[in-house]
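First the proteins, then the strands, lettered A, B, ... as listed; each starts at 1.
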Protein chains: 2
Amino acid sequence: MNVNKRVRRTPDEAKHLILKTAASRLSEFGLEGLNISGVSKAAGMSHATVIHHFGSTAAMRQALLQQMTEALLSDVVLALNKDVPPDQVLNGLFKTLSQDGHGRLLSWLALDHNLEVASGEGNTAGLFKNIIDAITDAGGDRTDAKFQVLLVATAAMGLSICGGPLSSLIGLSDEESAAFPRWLAEHLETLK
Amino acid sequence: MNVNKRVRRTPDEAKHLILKTAASRLSEFGLEGLNISGVSKAAGMSHATVIHHFGSTAAMRQALLQQMTEALLSDVVLALNKDVPPDQVLNGLFKTLSQDGHGRLLSWLALDHNLEVASGEGNTAGLFKNIIDAITDAGGDRTDAKFQVLLVATAAMGLSICGGPLSSLIGLSDEESAAFPRWLAEHLETLK
DNA sequence: ATCCTTATCAACATGAATGTCAATAAGAGA
DNA sequence: TCTCTTATTGACATTCATGTTGATAAGGAT
C-alpha cells in the first residue's frame, strides 16, 4: 500500500503551482471555477494549504488576475517597444490583445464589478498615449487615431471572446479566419 | 402595526417580476448575482417562491438568458427587416449589438461554458447570411463582406463590454465617444 | 543527530445557498 | 357562502465553500 508521503514545496513553488492550476480552471470553467475548494482539489492539495499561501479566495483571485494583467501589459509593451514601424503599431496591438486570452481577461475584469482592477497605476493611459502619438506622428488627425485604436482594441477583444462561434456563424473557413488580422491591417492603412 | 398581507400574483406576473429583478441584478453584480437567494430577496419574496416558479437556479438563469437572447435576435431582425438600405446594414448591426447590454449578454454566454446556449436553432446563421447577401448585392467580394461583418460584430461586442473604460484610457471625450459609431459607418464605406 | 521553522493536512465550526415539505391564505368559480 | 386550486411562506435538511486550529512532518541549519 501507499504511504502518503507529504510533499513539501517552497512557498514560490506552491504559489506557482496554485496559480497555474487556477489559470487552467479559469479558462475552463470561468470565474465560478476560481474558488479555493476547486483549485485545491485540482492541484492535489488540501484547501487549507491554499488558504495558508494566499489568505483567502479573494486574495487568490486577485493574485491570479494581477499576474495575468502584468503579462498582458508586458506583452503590449513588448509589441510596441522593439522599434515597430508606425504603420504596424495597430497591427501589433490587435495581435497582442487577441492572443493568449488577453481579451478574455479584460472581459472578466470588465464584466465582474466586484473585481478590483489591478490596473498598472495609470501607466496604461501613458501606453495608449504612446500608441496614439506614434500614429499621429506618421501623419493624421488625432481623433481619427483615437478612433482607430478604439476600433482595434474592441475588435480584438470581441474576437478573443467569441471569435470562433462568430466565424462559424458568418461562414468563414479556417483559412479565412486566419487571414482576418492581415485584412484588417491592410484596410487600416486606407482609413488614414 | 402592519399585518403582513400576503401578495398573490398570477404565475405570469410572478415570473415577469422575478426575471426583471434577475436582469437588474445580472447587470449590477454579474453572473454571480444570478442566484435564487439574492434575486428573491431583491424581489421581496421568499426563495421558495422562486423555486416554485422556475424549479431551480439553473432553470431561472436559463429562462432569463433565453429571454435576453430572444430580445437580441428580435432587435437584430428588426434592424434589418425594415427595408434598410444595404449601405446601412452594417451600421444597424453595430448599433444593435452595442445597445442594451446585448454585447454583454453574448460575452456571458461565450465566457461561461456551463451556460447552455439557447441559440435560435440555426436561424441565426441564416440571419448572417442575409446580412452578407445584402452587402454583396451592393457589389463587392464575398470574403470582404464576411470580414466586414466580423469586424463590426466583434467591435460592437468589445465596445459594449468595456467601451467606457477604454474610451477614457484612450482619452476620448464623451462627444468623441458618441461620434465613434458614425465614424465607423463612414469609414466602412471606404472599405468596399 | 538535534533543533527549528513552516508547509501541509485532518478535523471542526460557521455561514450561505439550495431544495423539500407541509401549512396558510388569496382569489376564482360554483 | 362554500369549495377548490395554488401561489406563498416558514421551517427543516442537505450540501458546499470558507476559514480556523492544532497536530504532523519535511527539510534546512547548527
Side-chain angles (χ1 to χ4, degrees), chain A residues 1-26 28-65 108 112-116, chain B residues 1-26 28-65 108 112-116:
Chain A
M1 55 217 54
N2 214 331
V3 181
N4 266 343
K5 257 209 156 179
R6 193 187 279 190
V7 285
R8 185 188 179 93
R9 294 161 273 254
T10 69
D12 274 353
E13 281 172 352
K15 286 183 182 178
H16 277 119
L17 170 59
I18 294 170
L19 287 186
K20 183 179 154 194
T21 310
S24 150
R25 284 184 58 85
L26 176 61
E28 185 171 5
F29 300 107
L31 272 176
E32 319 205 1
L34 266 195
N35 48 18
I36 285 191
S37 67
V39 170
S40 61
K41 213 170 294 181
M45 60 184 65
S46 83
H47 79 277
T49 300
V50 178
I51 291 184
H52 170 74
H53 285 290
F54 288 96
S56 70
T57 296
M60 185 195 67
R61 284 189 169 193
Q62 199 59 32
L64 174 64
L65 295 175
W108 281 318
D112 232 293
H113 300 19
N114 48 354
L115 292 180
E116 298 171 13
Chain B
M1 12 244 303
N2 215 333
V3 182
N4 267 343
K5 256 206 156 182
R6 194 187 278 190
V7 284
R8 186 188 178 93
R9 294 161 274 254
T10 69
D12 274 354
E13 281 171 351
K15 285 184 183 176
H16 278 119
L17 170 60
I18 293 170
L19 287 186
K20 184 179 152 195
T21 309
S24 150
R25 283 183 58 85
L26 176 62
E28 185 170 5
F29 300 107
L31 272 175
E32 320 207 0
L34 265 195
N35 48 16
I36 284 190
S37 67
V39 170
S40 60
K41 214 170 293 180
M45 61 184 65
S46 84
H47 81 277
T49 300
V50 178
I51 292 183
H52 170 74
H53 285 291
F54 287 97
S56 71
T57 294
M60 186 195 66
R61 286 188 169 194
Q62 198 60 31
L64 174 64
L65 295 174
W108 281 318
D112 232 293
H113 299 20
N114 48 353
L115 294 180
E116 298 171 12

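Using a 4.5 Å heavy-atom threshold, the side chains of B:Leu17 and B:Met45 count as touching.
Using a 4.0 Å cut-off, no side-chain N or O of B:Thr57 falls inside it from OP1 or OP2 of C:dA17. Considering only side-chain N and O atoms, B:Thr10 lies nowhere under 4.0 angstrom from the phosphate OP1 or OP2 of D:dA7.
Both B:Ala48 and B:Arg8 sit near DNA chain D, but only B:Arg8 has its closest nucleotide nearer the 5' end. Nearest-nucleotide assignment on DNA chain C puts the 5′-proximal partner with B:Ile51, out of B:Val7 and B:Ile51.
Among the heavy atoms of the strands lying under 4.0 Å from A:Ser56 are primed sugar atoms or P, OP1, OP2 only; no base atom is included. Looking at heavy-atom distances under 4.0 Å, B:Ser37 makes contact with sugar-phosphate atoms alone, never a base. Within the nucleic acid shown, A:Ile36 comes within 4.0 Å of sugar-phosphate atoms alone, with no base atom in reach, counting heavy atoms only.
Donor-acceptor pairing under 3.5 Å, judged by distance alone, is present between the side chain of B:Arg6 and the base of C:dT24.
If you take NZ of B:Lys5 and C1' of C:dT24, they are 15 Å apart, rounded to a whole angstrom. At whole-Å resolution of the value, CE in A:Met60 and P in D:dA17 are 12 Å apart. Here C:dT8 presents its C1' atom at 8 Å from NE2 of A:His53, a figure rounded to the nearest Å. In this structure, CD of B:Glu13 is placed 16 Å from P of D:dT6, rounded to the nearest angstrom. At whole-Å resolution of the value, NZ in B:Lys15 and C1' in D:dA7 are 12 Å apart. To the nearest angstrom, P of C:dT18 lies 11 Å from CD of A:Glu32. Whole-Å rounding puts the B:Lys41 NZ to D:dT9 P distance at 14 Å. D:dT20 atom C1' lies 19 Å from atom CZ of A:Phe54, rounded to whole Å.
With D:dG10, D:dT18, C:dT18 as the candidates, the nucleotide lying closest to the side chain of B:Ser46 is D:dG10. When distances are taken from the side chain of B:His52 to each of C:dA17, D:dT18, D:dT8, the shortest belongs to D:dT8. Looking at the side chain of B:His47, the nearest of the listed nucleotides D:dT8, C:dC9, D:dA11 is D:dA11.
A donor-acceptor pair under 3.5 Å links the side-chain atoms of A:His16 to the main chain of A:Asp12, judged by distance alone. A distance-only check finds a donor-acceptor pair linking the side chain of B:Arg61 to the backbone of B:Leu31 [under 3.5 Å].
The CD atom of B:Glu32 lies 11.0 Å from the CZ atom of B:Arg25; values are rounded to the nearest 0.5 Å. With rounding to the nearest 0.5 Å, the separation of CG in B:Leu19 from CG in B:Leu64 is 5.5 Å.
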